[in-house]
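Quick caveat: nothing in here was measured; it's all calculated off a predicted structure.
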Amino acid sequence: MAEEDDAMISLSESTNRHFLPLRQRLAFCVGHVLNDVCAAIWFSYFLVYMHFINRFHKTAAYLLLIGQIADAIATPFVGIELDKDNDWWICRYGRKKCWHLLGTVLICVTFPIIFTKCIGCDSTSENAKMVYYSAFIVIFQFGWAAVQISHLSLIPDLTPYSSERVELNAWRYALSVASNITVYLIAWLMFYLDGRHKADSDQITPNDDFIFRDIILIVMSIGVVLSLIFHFGVKEAPQMSIVTNIRNSRDNLMTLDLPSIETHLKWKHWFKESQFYKVGLLYTGTRLYVNLIQVYVPLFLQETLKLKKDSIAYIPLVIYSSGFISSFLMKYINTKIGKKLTYFIGNSISLSASIWLYFGTYDSFKKYDIYGVTVLMGISGSTMLITSLSITNDMIGHNTSSGAFVFGAMSFMDKLSNGIAVIVIENLHPCKTCGCSVCDNYYRNILAFVCGGATILTLIALALLAPHPIGVSRNNQLFTTSNTINNDEEIESDDEDLDNCFDNSVSPLISNNRDININ
């Protein structure tokens with residue numbers, strides 16, 4: 001990590017200039033809000049809804065697994081289709097925006113049904129209800145994957161500057177956290193208003209199904225409006241038009257001479273790059289950590305700490321508020337100390353949170369210390385997720401013709417590992433075979449050991465990535481050929497100076513460690 005950081009150079013203070021106007025950056029960042037609010041509800045409240053409203057237990061875990069498998073299968077499929085250069089008339093609107101629009105429609109149609117009691121199923125078996133919910137879950141997950149991959153893969157298409165990609169990821173994550181905060185604020189308000197009129201408000205019961213319905217309708221309405229802003233505000237450029245625009249613009253910072261589309265890595269070529277697997281391991285471990293926290297913190301609050309039902313809103317609110325605040329520092333920290341060191345700091349904070357949670361069995365923990373632990377969870381999750389996405393973007397570089405596949409493959413492992421983890425955790429729940437004294441701490445141990453284990457997994461991936469710059473193979477060769485950056489400052493072209501090309505302003509895969517000229 002030190003070698004990478006020492007090799008980083010600052011081309012100019014003017015690298016803070018942007019390729020994209022502010023209006024388009026903001027419109028892009030709100031394009032994933034619908035997915036974010038649905039994901040917040042899915043991971044935080046799906047098991048809660050199925051456990052306490054539908055009275056599903058083992059079935060709930062299998063339904064979540066079905067959803068994760070459907071998402072895992074859909075993501076690489078969507079990624080490959082997104083990378084195809086189709087000339088259909090509808091593609092003039094933008095290939096990736098078309099997939100985004102399709103996914104948005106599928107989400108709006110299916111997601112509210114998932115959090116509604118099975119219509120006309122009062123006398124049917126639990127297995128029949130499982131089939132009913134599974135159909136809508138599969139369609140929803142396909143739509144969710146279409147929105148996620150199309151939105152993520154737009155980042156390297158929209159800008160070639162690594163610093164601006166970090167910024168877009170940071171803003172995107174900030175909006176994601178803001179979406180989660182909005183969900184939890186609305187949930188807290190709904191539970192609070194309901195509790196004022198009920199004496200039995202400390203427990204979630206099947207009679208609370210209308211609360212979840214109202215929460216979903218409110219937050220999805222917000223998501224739909226912001227999705228419309230994305231579609232009207234973002235113009236998807238044709239392949240390589242970014243390069244053309246930079247070449248023809250005298251106001252931009254750099255003139256880039258990139259290879260033709262034929263020299264880009266195709267989707268099948270990524271399997272030959274070891275860094276693809278290392279970055280995939282980093283991203284998967286990060287998502288596993290973040291998602292399992294989202295799934296099991298509400299159950300930990302209800303079954304281990306025995307807090308009131310509105311705690312499943314205000315405690316996650318603390319997690320995402322701290323993550324939201326820290327996300328604004330990500331561009332600055334990444335620029336100053338490098339992505340790998342930034343990720344290592346987030347990694348260390350997450351391990352600290354797991355250790356503190358494990359030893360938090362004393363009386364004052366659920367009154368005071370739980371807030372300290374959740375703040376650490378929020379900061380670490382924000383840091384690790386933003387930085388892992390930025391590392392993935394840097395690995396893709398200018399290979400935007402296969403960028404959607406990369407994100408699809410990463411998401412495939414992410415979703416599959418999450419689904420498997422949940423089904424294993426739920427099937428190993430000791431309440432079937434042991435006393436309540438052991439069961440009370442089950443979800444505490446899950447958050448401490450499983451989330452901590454995911455963090456250690458990312459630490460291993462980070463160690464494997466540390467010796468080499470992102471976007472460069474073991475023999476210090478770029479993933480592509482014939483790349484050039486023109487710049488007034490002359491950079492030595494010796495092999496020992498190769499790493500100097502890997503700065504914080506331009507993705508490594510854009511450069512070819514040759515002449516650099518600043519206009």
Side-chain angles (χ1 to χ4, degrees), residues 34-75 77-78 102-148 183 187 190 203-221 223-224 291 294-296 298-299 302 309 312 411-412 415-416 418-427 429 432:
L34 179 62
N35 260 27
D36 291 328
V37 296
C38 290
I41 296 172
W42 172 261
F43 285 111
S44 295
Y45 297 141
F46 180 77
L47 288 184
V48 173
Y49 183 87
M50 292 299 171
H51 281 187
F52 296 103
I53 304 298
N54 279 336
R55 299 300 188 187
F56 293 169
H57 294 284
K58 190 175 181 179
T59 299
Y62 282 108
L63 285 172
L64 194 144
L65 176 62
I66 290 171
Q68 296 303 102
I69 292 175
D71 197 355
I73 294 173
T75 44
F77 168 78
V78 172
L102 172 63
T104 300
V105 173
L106 294 180
I107 290 172
C108 293
V109 171
T110 59
F111 193 66
I113 299 176
I114 296 172
F115 284 85
T116 304
K117 287 186 177 180
C118 181
I119 301 173
C121 301
D122 293 338
S123 59
T124 58
S125 66
E126 188 169 314
N127 289 334
K129 293 178 182 177
M130 181 177 176
V131 174
Y132 170 87
Y133 283 109
S134 296
F136 293 104
I137 287 173
V138 169
I139 298 173
F140 159 70
Q141 292 291 0
F142 180 85
W144 199 96
V147 173
Q148 181 200 30
V183 169
M190 298 299 293
Q203 297 290 324
I204 297 176
T205 67
N207 294 327
D208 293 322
D209 65 313
F210 73 95
I211 299 179
F212 291 93
R213 179 200 63 203
D214 293 345
I215 292 171
I216 288 170
L217 292 178
I218 293 171
V219 300
M220 286 192 66
S221 298
V224 169
N291 290 342
Q294 204 167 12
V295 170
Y296 286 109
L299 293 174
Q302 288 286 292
K309 65 183 179 182
I312 68 173
S411 189
F412 173 83
K415 300 303 187 302
L416 193 61
N418 275 281
I420 293 174
V422 169
I423 198 67
V424 170
I425 290 170
E426 292 301 302
N427 277 286
H429 199 294
K432 306 182 191 76

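- At least one side-chain heavy atom of Tyr62 sits under 4.5 Å from a side-chain heavy atom of Asn427.
- Counting all heavy atoms, side chain and backbone alike, Ile211 lies closest to Met190 at CG2-CB, 3.8 Å.
- Listed by chain and residue number, Asn54 satisfy the side-chain hydrogen bond (donor to acceptor under 3.5 Å, both in side chains) test with Tyr133 (two or more places apart in sequence, or in another chain).
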Using distance only, find each side-chain donor-acceptor pair of residues 109-118 under 3.5 Å and give its atom names and separation, not counting sequence neighbours.
from   : atom 1 : to     : atom 2 : distance (Å)
Thr110 : OG1    : Leu106 : O      : 2.8
Thr116 : OG1    : Pro112 : O      : 2.7

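- The two residues Val224 and Cys108 have their closest heavy-atom pair at CG2-SG, 3.5 Å.
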Taking it one step at a time, do Phe46 and Ile41 satisfy side-chain contact (heavy atoms from CB on, under 4.5 Å)?
CA-CA 7 Å; Phe46 180 77; Ile41 296 172; over 6 Å; no

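- Nearest heavy-atom pair across Ala145 and Val78 is O-CG1, 4.3 Å.
- Distance CG/Asp209 to CD1/Ile53: 6.0 Å, rounded to 0.5 Å.
- Using a 4.5 Å cut-off on side-chain heavy atoms (C-beta onward), Phe140 and Cys38 make contact.
- The side chain to side chain contact (heavy atoms under 4.5 Å, CB included) search around Ala60 returns Leu47, Met50, His51, Phe56, not counting sequence neighbours.
- Across all non-hydrogen atoms, the minimal contact from Gln141 to Gly67 is CG-O, 3.1 Å.
- Contact record, Pro298 with Val48: CB-CG2, 4.0 Å, taken as the closest heavy-atom pair.
- Residue pairs meeting the side-chain hydrogen bond (donor to acceptor under 3.5 Å, both in side chains) criterion with at least one member in residues 34-47, sequence neighbours excluded: His32-Asn35, His32-Asp36, Asp36-Ser176, Trp42-Gln68, Ser44-Tyr184.
- Sorted by first and then second residue, the salt bridge (Lys or Arg N to Asp or Glu O under 4.0 Å) pairs involving residues 60-72 (not counting sequence neighbours) are Asp71-Lys415.
- Summarising the geometry, atom CD1 belonging to Ile137 is positioned 11.5 Å from atom CD1 belonging to Ile69; distances are rounded to the nearest 0.5 Å.
- Inter-residue side-chain proximity for Ile73 and Phe142 is flagged as unmet; no heavy-atom pair is nearer than 4.5 Å.
- Under the rule for a side-chain hydrogen bond (donor to acceptor under 3.5 Å, both in side chains), Tyr49 has no partner lying at least two apart in sequence or in another chain.
- Expressed to the nearest 0.5 Å, how far CG of Leu64 lies from OG1 of Thr59 amounts to 12.5 Å.
- Put simply, OG on Ser221 and CD1 on Ile216 are 11.5 Å apart, with the number rounded to the nearest 0.5 Å.
- Interatomic distance, Ile423 CD1 to Asn418 CG, rounded to the nearest 0.5 Å: 13.0 Å.
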